[in-house]
Amino acid sequence: MKIGYPCINRSIGCRGNRTFRLGSYSEERLIATVRENLACLAETLSYNVRHNLLFFRMTSDLVPFASHPVCSVDWQTIFADELLQLGDYIRENRLRISMHPDQFVVINAKDPGIVERSVRELAYHTALLDAAGLDTSAKVQIHIGGVYGDKERSLQRFIREYERLDERIARRLVIENDDGRYTVRDCLRVHEAVGIPVLFDRFHHEVNSSGETVRDAVGLAAKTWTESDGILMVDYSSQQPGGRRGTHAATLDSDHFALFLAESAPHDCDIMLEIKDKEQSALLAASLAAGDGRFVRPPF
DNA sequence: CCCTGTCAAGTCACG
DNA sequence: CGTGACTTGACAGGG
């Protein structure tokens with residue numbers, strides 16, 4: 001079990017997700033931004049290693065506009081050395097890596113243009129992980145997509161589009177239960193059809209449940225990951241007290257997290273803390289998990 | 001320097 | 001059909 005947080009570290013003073021407006025695009029601007037983002041990513045991973053936070057979600061903004069037609073820069077070649085160094089560092093320190101393209105990626109859209117843009121975006125994500133030389137335990141997580149008034153047909157459309165994907169993309173993809181459309185059960189059905197692993201989102205399973213206990217859902221999702229996929233990834237959050245239903249908590253609820261540790265045993269998993277205060281909650285979660293037999297400790 | 005409108009991309013609820 | 005929520009930040013221009 002490794003614990004981590006998404007994209008940004010709030011305490012080290014740099015941000016690895018710098019971007020700019022499309023109207024400001026220039027090759028120089030893009031290259032300078034990617035250089036800055038990669039340097040900050042290296043700093044962030046160093047912080048994570050020092051604090052034994054061994055799971056990390058890389059930002060999709062590392063290469064701004066990477067899948068947009070305006071992007072003519074061959075960033076994979078220009079930054080080949082930096083990306084390989086990044087991959088070496090990740091391997092040497094046994095970090096687990098994920099990425100999470102945002103809401104615009106909809107593989108099962110009815111509009112072929114949306115599907116095409118989504119595939120381009122996925123190709124960017126996988127190209128980045130490939131360029132770093134990471135194995136297929138580094139994952140790209142997406143949702144099944146839209147319902148369009150007919151969940152069954154839309155689910156089948158996801159399956160069809162998934163089967164058409166380039167193998168280099170497909171082998172990195174995992175699907176996650178979302179907060180209002182596709183449940184864990186829906187994801188498991190897609191898994192049964194095409195073998196894609198299911199990432200379990202603890203909070204979404206609360207707001208959009210298909211009825212399984214957390215313990216059962218973790219067990220079912222865990223079985224969808226093969227050896228080359230690595231162990232189950234989990235997104236963890238809880239309801240913000242007093243907030244609208246579905247609002248992520250601002251800080252970690254220690255008791256709730258401890259309960260999840262108990263409920264998820266004995267299945268090993270890596271846990272992503274989707275809490276607003278990022279690494280602060282991850283540090284607290286790691287301390288709470290320190291007594292758990294699954295938790296990976298530093299080698300010293 | 002601070003304030004604030006706007007940002008590549010999607011889906012869905014609502015009026 | 002148009003708008004805002006989702007969730008969220010931060011770029012960038014204007015005062």
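- We find that NE2 of His248(A) is positioned 11 Å from P of dC6(C), with the value rounded to whole Å.
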query = When you check every protein heavy atom under 4.0 Å of nucleotides 8-15 of chain B, what one-letter string (B, S, -) results, 5' to 3'?
reply = BBBSS---
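- Ile97(A) pairs in a side chain to side chain contact (heavy atoms under 4.5 Å, CB included) with only one of the listed residues (Met58(A), Arg57(A), Lys139(A)), which is Met58(A).
- Rounded to whole Å, atom P of dA5(C) lies 16 Å from atom CG of Asp179(A).
- With P as the reference atom, dA12(C) and dA9(B) are 16 Å apart, rounded to whole Å.
- Separating the P atom of dG4(C) from that of dT6(B) is a span of 11 Å, rounded to the nearest Å.
- Taking atom P on both nucleotides, dG9(C) is separated from dG10(B) by 23 Å, rounded to a whole Å.
- Searching all strands for a Watson-Crick or G-U wobble partner of dT7(C) with both distances below 3.5 Å returns nothing.
- Rounded to whole Å, the distance from CG on Asn17(A) to C1' on dT7(C) is 14 Å.
- Below 30°, between 30° and 60°, or above 60°: for Phe65(A) and Tyr25(A) the angle between ring planes is above 60°, a perpendicular geometry.
- Comparing the same atom, P, in dG13(C) and in dA8(B) gives a spacing of 12 Å after rounding to whole Å.
- Comparing dG9(C), dA12(C), dC11(C) by their closest approach to the side chain of Arg10(A) singles out dG9(C).
- Across the C1' atoms, dT4(B) and dT8(C) are found 15 Å apart, a figure rounded to whole Å.
- A donor-acceptor distance shorter than 3.5 angstrom exists from the side chain of Lys278(A) to the backbone of Pro6(A), with no hydrogens or angles considered.
- dG2(C): Watson-Crick or G-U partner is dC14(B), with both key distances under 3.5 Å.
- Spacing of P atoms, dT7(C) relative to dC3(B), comes out at 27 Å, to the nearest Å.
- The nearest whole Å value for the distance from the CG atom in Asp235(A) to the P atom in dT7(C) is 13 Å.
- No donor-acceptor pair closer than 3.5 Å links the side chain of Asn37(A) to the backbone N or O of Val34(A).
- Using a 4.0 Å cut-off between a side-chain N of Lys or Arg and a carboxylate O of Asp or Glu, Glu167(A) and Arg172(A) do not qualify as a salt bridge.
- One interatomic measurement links the two molecules: CZ of Arg18(A) to C1' of dT8(C), which rounds to 16 Å at whole-angstrom precision.
- In this structure, Arg15(A) places its CZ atom 9 Å from C1' of dG9(C), rounding to the nearest Å.
- With Asn208(A) contributing its side chain and Asp179(A) its backbone, the two residues share no donor-acceptor pair below 3.5 Å.
- Here Arg29(A) does not reach the OP1 or OP2 of dC11(C): none of its side-chain N or O atoms lies under 4.0 Å away.
- In this entry dA8(B) has no Watson-Crick or G-U wobble partner, no candidate having both defining distances under 3.5 Å.
- His100(A) places a side-chain N or O within donor-acceptor distance of the main-chain N or O of Gln141(A), the cut-off being under 3.5 Å.
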